[in-house]
Amino acid sequence: GEETNKILAYLIAISRKLTRPLSGIVISGSGAGKSGLVELVQELTPPEDVVFFSRITPQALYYMDRDALKRKLLIIEERTGGESADYSIRTLQSRQKLTQAVPIRDPNSGRVRTMTFEVEGPIAFLETTTNGNINHENATRCFEIYLDESVNQTKRIHHAQRSAKTVEGINRRSEVESIKLKHHNLQRALKHVMIEIPFAPLLDFPADSLRTRRDHERFLSLIEAVTVLFQYQREEREISLPNGEQTSCIISTVDDYAMAF
């Protein structure tokens, strides 16, 4: 189950290759499998591209190495573990870097000087929560991913748990590492590229509230994430920039739009 949610969460991780990556909040009751979904995406992402925290303090991100978060998938295990760092995470999502000015005393002169620390993004972001009342400032920056809590989904999970204890299940587990490695190597081969959506002017989107200004941009970024994933199956062409430089560009297709939609 969770076919759409799995693809969406995977594309959020892939979006770290974009100029403006995506974010998601996985929402469900306790025991529904939200951590399992995020763990799955984490395991399929190359380890060097994942930054995982169970808990994070308000200033923690500001003091990381300058490139420690750049084009990484940042995962916070539980919303309660990351609430205190909400502001820094939102800043990374919107401005794609953190800048902090800190007064530091010079040990030689005794004078206090202001030092500036910068941590560069952009980041793709995933977190989980049991609280369905998402802060508006967070909700407008993230896909809200609600898990299937139906009886039928519970039955599917029970069936998968029982199947895992059979010979067939043991054989499937032996293939897990090779599947992970295949995804890791695929994603390592993906380049940070410019994306053109030639049909973008033909698209329409609801405009009945202010938050759609961010929702619309997020939908376009989702189309781009699909194109990045399939970049070796898409047309690439050279375009001329206003300064005379040449750069390559990957062309989105209607299939990319269909998956995003």
Side-chain angles (χ1 to χ4, degrees), residues 6-24 38 40-52 61 64-76 88-99 118-127 141-143 180-200 203 214 216-260:
K6 285 187 292 194
I7 293 172
L8 177 54
Y10 190 85
L11 288 172
I12 288 171
I14 292 293
S15 75
R16 69 189 184 277
K17 305 284 186 176
L18 297 175
T19 301
R20 298 193 68 85
L22 299 167
S23 299
V38 173
L40 177 65
V41 173
Q42 179 182 352
E43 289 176 356
L44 295 178
T45 304
E48 66 271 18
D49 284 355
V50 177
V51 178
F52 172 84
L61 297 181
M64 298 188 73
D65 291 340
R66 187 183 185 94
D67 293 333
L69 297 175
K70 191 172 185 178
R71 305 207 180 283
K72 297 293 196 298
L73 170 62
L74 174 61
I75 298 176
I76 307 294
S88 58
I89 292 171
R90 287 200 299 264
T91 302
L92 271 171
Q93 290 169 318
S94 298
R95 301 187 68 87
Q96 296 164 26
K97 70 175 182 179
L98 294 174
T99 305
E118 281 197 356
V119 179
E120 293 186 0
I123 60 162
F125 179 69
L126 277 173
E127 69 175 354
R141 289 171 169 83
C142 299
F143 283 105
K180 289 181 188 177
L181 184 60
K182 183 181 294 185
H183 281 266
H184 293 173
N185 289 334
L186 160 71
Q187 293 189 32
R188 287 171 180 141
L190 296 178
K191 299 175 290 185
H192 170 58
V193 291
M194 295 187 67
I195 306 292
E196 178 190 358
I197 307 177
F199 48 85
L203 301 180
R214 283 179 174 165
H216 179 247
E217 180 72 22
R218 188 161 62 247
F219 177 60
L220 294 173
S221 293
L222 185 59
I223 298 173
E224 290 180 326
V226 179
T227 305
V228 166
L229 181 60
F230 290 98
Q231 63 183 249
Y232 290 102
Q233 289 78 42
R234 298 293 179 261
E235 178 188 352
E236 183 175 359
R237 67 185 180 91
E238 293 290 316
I239 59 173
S240 298
L241 301 178
N243 61 6
E245 291 183 4
Q246 295 288 114
T247 187
S248 60
C249 188
I250 304 293
I251 312 300
S252 292
T253 68
V254 175
D255 288 338
D256 299 338
Y257 164 79
M259 181 175 288

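Everything quoted here is computed from the prediction, not taken from an experiment.
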Item to complete: Take H192 and R71 through the side chain to side chain contact (heavy atoms under 4.5 Å, CB included) test and state the conclusion after the steps.
Response: CA-CA 9 Å; H192 170 58; R71 305 207 180 283; 3.1 Å; yes

Does [X] reach the main-chain N or O of [Y] with its side chain, forming a donor-acceptor pair under 3.5 Å?
{"X": "Y232", "Y": "A189", "answer": "yes"}
{"X": "H184", "Y": "E43", "answer": "yes"}
{"X": "T253", "Y": "D256", "answer": "yes"}
{"X": "R20", "Y": "E217", "answer": "no"}
{"X": "S15", "Y": "L22", "answer": "yes"}
{"X": "N185", "Y": "K182", "answer": "no"}
{"X": "D65", "Y": "D67", "answer": "no"}

Item to complete: Please determine if E48 and K72 form a salt bridge, counting it only when a charged side-chain N lies under 4.0 Å from a carboxylate O.
Response: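 Salt bridge absent between E48 and K72.
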
Hey, does [Y] have a side-chain heavy atom less than 4.5 Å from the side chain of [X]?
{"X": "Q231", "Y": "L190", "answer": "yes"}
{"X": "L92", "Y": "L69", "answer": "yes"}
{"X": "S221", "Y": "R218", "answer": "no"}
{"X": "F125", "Y": "I76", "answer": "yes"}
{"X": "R234", "Y": "I251", "answer": "no"}
{"X": "V193", "Y": "I195", "answer": "yes"}
{"X": "V226", "Y": "D255", "answer": "no"}
{"X": "L229", "Y": "L186", "answer": "yes"}

Give a yes-or-no answer on whether the side chains of [X] and [Y] include a donor-acceptor pair shorter than 3.5 Å.
{"X": "S248", "Y": "E238", "value": "no"}
{"X": "R214", "Y": "Q93", "value": "no"}
{"X": "R141", "Y": "S94", "value": "yes"}

From [X] [atom1] over to [Y] [atom2], what is the distance, rounded to the nearest 0.5 angstrom?
{"X": "R16", "Y": "L74", "atom1": "CZ", "atom2": "CG", "result": "12.5 Å"}
{"X": "T91", "Y": "L61", "atom1": "OG1", "atom2": "CG", "result": "10.0 Å"}
{"X": "E224", "Y": "L18", "atom1": "CD", "atom2": "CG", "result": "5.5 Å"}
{"X": "M64", "Y": "K70", "atom1": "CE", "atom2": "NZ", "result": "15.0 Å"}

Practice prompt. Step by step, work out the side chain to side chain contact (heavy atoms under 4.5 Å, CB included) result for I75 and L73.
Written response: CA-CA 6 Å; I75 298 176; L73 170 62; 3.9 Å; yes

Which atoms form the tightest heavy-atom contact between [X] and [Y], and what is the distance?
{"X": "T227", "Y": "S252", "value": "OG1-OG, 2.6 Å"}
{"X": "L44", "Y": "Q187", "value": "O-NE2, 3.1 Å"}
{"X": "K191", "Y": "V228", "value": "O-CG1, 4.5 Å"}
{"X": "A13", "Y": "V41", "value": "CB-CG1, 3.6 Å"}
{"X": "L222", "Y": "A260", "value": "CD2-O, 3.6 Å"}

Item to complete: Using the side chain to side chain contact (heavy atoms under 4.5 Å, CB included) rule, take K6 and L40 through it: C-alpha gap first, then chi angles, then the decisive distance, then the call.
Response: CA-CA 9 Å; K6 285 187 292 194; L40 177 65; 4.1 Å; yes

Item to complete: List the steps and the verdict of side chain to side chain contact (heavy atoms under 4.5 Å, CB included) for F219 and Y257.
Response: CA-CA 9 Å; F219 177 60; Y257 164 79; 3.7 Å; yes

Discussion item. Salt bridge (charged side-chain N to carboxylate O under 4.0 Å, His left out) for E120 and K97? Distances and angles first, verdict last.
Written reply: CA-CA 4 Å; E120 293 186 0; K97 70 175 182 179; over 6 Å; no

